[in-house]
Peer 1: 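Dropping a structure here in structure tokens format, bear with me for questions.
We name chains A, B, ... by the order of the sequence lines, and we start the count at 1 in each one.
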Amino acid sequence: MRLLTHNLLSSHVRGVGPRGFPPRLQATEVRINPVEFNPGFIVRMIPKVEWAALLEAAGNLHLIEVPKEPIQGYEHNEEFLRKMHHVLLEVEVLEGTLQCPESGRVFPLSRGIPNMQLRDEETET
Amino acid sequence: MASRGRRPELQGPPELYYDKNEARKYVRNSRMIDVQIKMTGRALELLCVPEDKPCYVLDIGCGTGLSGDYLSDEGHYWVGIDISPAMLDEALDRETQGDVILGDMGQGIPFKPGTFDACIRKKVEDEFPRTGGKETFHAHLLETLFGPVFISAVQWLCNANKKSDIPAKRLYCFFSSLYSVLVRGGRAVLQLYPENSEQLELITTQATRAGFTGGVVVDYPNSAKAKKFYLCLFSGPSASLPEGLSEDTEEEKPAESTFTAGRIPYRIARRGVVRKSREWVLEKKARRRRQGKEVRPDTQYTGRKRKPRF
């Protein structure tokens, strides 16, 4: 599961409001996977990124070279975009857990697939 | 394959139906792969995704990631969600470029609002649980060739697998979370095989309640085999529905002429043309060319008026 996906994930447990995302990431196994660089996509995704969570996740994974915040005029700064591309799309978490910050519910992550299934009591229905 | 003629969603919940064997069959079957690619292509067409603009797409019921690979080939980034662990294992083996998540779409999409540019889903009926004794949803058994092979995910939502599930509520939960997860002006295309018109109506009502506009596009409405329903949903200002494909616009146009039983009497057919005029000469030459005979080329001198001596 890439960091971009993790950043946009949210816990959909019943009763969890806007603070339900993003889940806290604890990773035990990480892999770096090269991905083709597409600046247009990165530029469009940067406004959606939740920076605090990204920094926290990157800290947990001991990543270096993570930009602290979007810099002015990032659309044309290729170096910045490349760093973001590496952090968001090339780092894959294979094993670990995701924890919802509000309810504390833990979602397991195995083989790169997070298990987001909820028990009956936790769903809206 | 599972028993022919019965809809898979009637046989049990999707996570049990799509076990290891089904998943393996699914991914090895070349016809299946072909059909999935075609349906994903058509879904992308209906999404009217602008060219050269890589989008972040949600593939619901992604299964083995066959459609996801097509999305990656088109340059889009995608995330897939599926309820069957066996299918997702196959997706891992195929090393898809998008991330996959194990989850139940009827419980809602676990993403932040405004995440995705677009969403596709093939096979939707599976998700809706059928309540206890209601017989309305499995009234007739469809004896189509495709039968149990592809099921749309939404169909599963229409069948209740647990007593506590109510189809309408699960549908609404799904559609409302989908609505929030798409950006403003985002689109979703869901391919489905509705069992009957009530099921289709239930699905569209819940989608409208969730705030979507749009409608159902039907491809090849006159063909039993090729007929496909696409539910196109727009989460923004309402746009016009794309047209469905029909036999008239099929690419392989028949090369033969149409044959009619009626015959027009020769004299009446030839009434417009005056004998020996230039027009008549040209027509005769064309007729002989069609018959394969050698005919001199038409020039400015063809059928010109000659001196009375001729």
Peer 1: Let me know if V100(B) has heavy atoms under 4.5 Å from chain A in its side chain, its backbone, both or neither.
Peer 2: both
Peer 1: Other residues, nucleotides and ligands only: do more than 12 of their heavy atoms fall within 6.0 Å of CD on E201(B)?
Peer 2: no
Peer 1: Let me confirm one number: the CG-CG distance from L8(A) to L58(B), rounded to the nearest 0.5 Å.
Peer 2: 11.5 Å
Peer 1: Highest number of heavy-atom pairs under 4.5 Å with chain A: which of A91(B), P54(B), P110(B)?
Peer 2: P110(B)
Peer 1: Can you measure from CZ (F111(B)) to CE (M116(A)) and round to the nearest 0.5 angstrom?
Peer 2: 7.5 Å
Peer 1: Using a cut-off of under 4.5 Å for heavy-atom pairs, which of R111(A), M1(A), E36(A) has the most such pairs with chain B?
Peer 2: R111(A)
Peer 1: Return the minimal non-hydrogen interatomic distance between R2(A) and Q97(B), and the atom names on each side.
Peer 2: NH1-O, 2.8 Å
Peer 1: Tell me whether the count of non-hydrogen atoms from other residues, nucleotides or ligands lying under 6.0 Å of CD in E74(B) goes above 12.
Peer 2: yes
Peer 1: Between Y56(B) and T5(A), is the side-chain contact (heavy atoms from CB on, under 4.5 Å) condition met? List the steps.
Peer 2: CA-CA 10 Å; Y56(B) 203 43; T5(A) 316; 3.7 Å; yes
Peer 1: Checking heavy atoms, do the side chain of I101(B), its backbone, both or neither come under 4.5 Å from chain A?
Peer 2: both
Peer 1: Quick one: pull up CD1 in I113(A) and CD1 in I81(B) and give me the separation to the nearest 0.5 Å.
Peer 2: 11.5 Å
Peer 1: Is it the backbone or the side chain of L109(A) that comes under 4.5 Å from a heavy atom of chain B, or both, or neither?
Peer 2: neither
